Amino acid sequence: MEVVAIAIGGIFVLFYTLWLLFAVFKGLGLIFGEFWYNKVKWQNPVSRSEYIIVNRILSEKFDYYKGLSVDGKAKFINRIIDFRKTKRFIGMEGLKATEEMKTLISGAAVQLTFGLEKYILAHYHTIYIYPSTFYSKLLRKKLKGGTSGSGTISLSWEDFQHGYEVPDDKYNLGLHEMAHALKMDVLKGTDFDDRFGFYLNNWEKVGSKEFQNMQKGEPSFLRKYGGTNMHEFFAVCIEHFFETPQQFAKRLPDIYNHLCVLLNQNLINKKSDYSIQEGFAENINRKLGRIPIPKTIRKNYSHHSWHWSLTILLVGIFLTSWLTPLFISYTDLDFHESVCFYFGAVLLGGVLQYPLIIRRKVMSFGIYLIYLILGFSPTACSSILFLNKQISMGRIEEKHQIISWSYKKDINPFLKGSFVILNLENNAYGYFERARAFEYSTFYTVKSKKNKPDSLTIGFSKGIFGLKAFKENTVSFSLHKND
Ligand SMILES: [Zn+2]
């Protein structure tokens with residue numbers, strides 16, 4: 001009997017030890033996994049304590065987040081941090097914008113754009129949070145939310161919360177407004193995701209039949225409000241896509257499938273962070289009656305318009321980088337001062353435009369440097385020098401003795417011809433060739449009368465930016481008839 005008891009006891013101890021070891025390793029694996037993905041792979045700038053708070057908020061409120069892998073969760077947090085940085089959150093009517101509000105509202109945008117490469121919604125800069133429904137003076141009615149064309153989003157916090165508290169009633173204010181913002185970003189031509197921009201027209205074509213039916217008042221799986229216009233149709237489809245994906249795919253398979261393509265995520269595929277599973281397109285394309293999924297997304301630039309910084313870059317390369325040396329040649333800046341002026345504009349412009357361009361991810365840092373050096377700086381410098389020359393705050397006249405002179409062809413690409421360059425006493429204006437230049441023919445017509453060039457009078461205007469700008473010069477001759 002004793003042997004049996006010891007054997008049973010031994011087995012228990014063995015199993016208990018194994019179970020304990022397993023639990024410890026699983027726990028360690030989780031902690032190290034979180035650490036690895038957050039700190040190493042996604043380089044999330046959050047401390048352990050911040051991570052615990054954000055993770056808790058999202059795990060409690062966001063079913064979407066709960067369904068992600070450790071890697072997916074780290075990516076989600078990474079994008080929330082990035083998104084939050086680019087927006088101002090303003091609490092309205094006495095409400096204080098809390099960390100939880102900022103995290104969850106950013107989460108709605110990140111959820112919507114999780115499959116896309118660009119997720120910042122760069123056109124949008126301010127998010128107003130109201131305690132509950134609010135009155136819009138413009139629309140003269142009470143609203144739960146609104147997305148303006150001028151870069152602001154307004155939300156009723158009560159209704160926002162409701163969207164996530166009841167995850168399958170096809171209502172989600174946060175996703176609804178972010179859907180408007182995502183589409184508006186494309187229509188406004190701010191830096192948006194290529195895939196989304198290329199495919200949007202295609203998706204609208206797929207959805208147009210159902211939309212028209214809704215406009216006629218026919219019953220639909222989609223909420224009636226979607227029939228208001230194409231913008232609301234898209235926003236309502238987004239709500240259904242995230243709240244009731246299975247039913248959506250069953251009832252309106254084409255709209256659902258192509259929405260997966262548009263957003264590059266499939267809510268039904270919970271296994272690998274809602275990614276589009278292998279064979280997704282092939283499976284659909286085999287079925288009769290389905291609108292086929294294209295093998296590759298055709299490029300369609302109908303929505304790709306211009307960011308203002310690119311205009312400045314082009315103006316810089318083709319115009320102002322050529323004009324700047326010309327304008328400098330009219331101004332009393334020597335070589336070193338010109339270089340300081342030019343790179344001062346690069347530095348100042350770089351700091352001031354950083355939030356508008358880099359934070360909003362309009363371009364990479366390398367392109368930003370090229371933009372500053374070849375686009376912004378020459379445009380700013382030539383504008384300042386041009387205004388300095390045009391707006392005069394007074395006149396200065398200076399007279400200098402002439403020591404010698406030399407002949408020069410073409411002073412700069414804009415000032416071509418034959419010139420005489422006068423060398424002045426004490427090397428005055430040695431660096432300022434334009435002020436010492438005199439047209440060859442005029443100079444020699446007078447000089448041929450055997451007069452000796454005596455002094456040069458230079459007229460400057462004192463420009464609005466305090467720089468001397470060259471106006472005109474005259475040579476005085478003294479009679480010199482020795483020979
Ligand atoms: Zn709407």
Side-chain angles (χ1 to χ4, degrees), residues 86 122-123 125 150-151 188-191 304-398 410-417 419 429-437 439 458-473:
T86 66
H123 181 64
H125 48 79
S150 59
K188 287 281 173 185
T190 325
D191 189 47
H304 286 61
S305 50
W306 209 239
H307 190 266
W308 51 266
S309 59
L310 294 173
T311 311
I312 296 181
L313 182 59
L314 282 192
V315 167
I317 290 172
F318 291 107
L319 183 71
T320 52
S321 56
W322 305 92
L323 286 177
T324 307
L326 168 72
F327 289 162
I328 285 177
S329 78
Y330 274 101
T331 311
D332 75 327
L333 289 171
D334 67 20
F335 177 73
H336 293 105
E337 288 166 338
S338 307
V339 170
C340 287
F341 182 58
Y342 198 89
F343 283 95
V346 168
L347 203 69
L348 190 68
V351 171
L352 291 179
Q353 292 170 92
Y354 193 87
L356 296 173
I357 294 179
I358 292 296
R359 285 242 187 102
R360 292 190 184 173
K361 305 212 166 183
V362 172
M363 54 180 77
S364 70
F365 196 74
I367 305 278
Y368 187 50
L369 281 182
I370 294 172
Y371 158 75
L372 289 172
I373 293 169
L374 294 180
F376 176 77
S377 182
T379 307
C381 288
S382 57
S383 308
I384 290 172
L385 294 174
F386 177 77
L387 289 175
N388 186 71
K389 189 166 156 27
Q390 294 308 112
I391 306 172
S392 171
M393 307 298 282
R395 196 185 144 81
I396 303 164
E397 211 161 78
E398 282 185 37
D410 303 343
I411 291 188
N412 60 44
F414 295 85
L415 207 62
K416 289 187 182 246
F419 292 91
Y429 292 104
Y431 58 89
F432 200 176
E433 203 167 61
R434 182 70 195 85
R436 296 182 289 113
E439 214 174 75
I458 313 172
F460 297 103
S461 72
K462 193 160 174 59
I464 188 163
F465 290 103
L467 297 164
K468 278 189 206 166
F470 172 74
K471 278 280 184 212
E472 80 285 298
N473 55 9

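What you see is a predicted model; the values in this text were computed from it and never measured.
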Where [X] and [Y] come nearest, the two heavy atoms and their spacing:
X: N388; Y: A469; answer: ND2-CB, 4.2 Å
X: I357; Y: S309; answer: CD1-CB, 4.0 Å
X: G375; Y: T320; answer: O-OG1, 4.4 Å
X: N473; Y: A437; answer: ND2-O, 2.9 Å
X: S382; Y: T324; answer: CB-OG1, 3.6 Å

Compile the donor-acceptor pairs under 3.5 Å between side chains in residues 459-468 and protein atoms, sequence neighbours left out, one pair per line.
from : atom 1 : to   : atom 2 : distance (Å)
K468 : NZ     : E398 : OE2    : 3.0
K468 : NZ     : Y429 : OH     : 2.9

With rounding to the nearest 0.5 angstrom, report the [atom1] to [atom2] distance, [X] to [Y].
X: L374; Y: I312; atom1: CG; atom2: CD1; value: 13.5 Å
X: I367; Y: L313; atom1: CD1; atom2: CG; value: 8.5 Å
X: L323; Y: T379; atom1: CG; atom2: OG1; value: 9.5 Å
X: R434; Y: I328; atom1: CZ; atom2: CD1; value: 15.0 Å
X: S392; Y: K471; atom1: OG; atom2: NZ; value: 6.0 Å

Indicate the ring-plane relationship of Y368 and Y371, choosing parallel, tilted or perpendicular according to the 30° and 60° boundaries.
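Judged by the thresholds at 30° and 60°, the geometry between Y368 and Y371 is parallel.
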
Which residues share a side-chain hydrogen bond (donor to acceptor under 3.5 Å, both in side chains) with K389, sequence neighbours left out
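Expected list: none.
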
Cut-off 3.5 Å, side chains only: do E337 and Y431 have a donor facing an acceptor?
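No - no donor-acceptor pair under 3.5 Å links their side chains.
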
So, S321 side chain and G316 main chain: donor-acceptor pair closer than 3.5 Å or not?
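Yes, S321 side chain to G316 backbone: donor-acceptor pair under 3.5 Å.
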
Looking at residues at least two apart in the chain, or sitting in another chain, which of them share a ring-ring contact (aromatic ring centres under 6.0 Å, His included) with F386?
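Only F327 meet the ring-ring contact (aromatic ring centres under 6.0 Å, His included) criterion with F386.
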
Taking the side chain as C-beta and beyond, is there a heavy-atom pair between [X] and [Y] under 4.5 Å?
X: W322; Y: L326; result: no
X: L347; Y: F343; result: no
X: I384; Y: F341; result: yes
X: S377; Y: L372; result: no

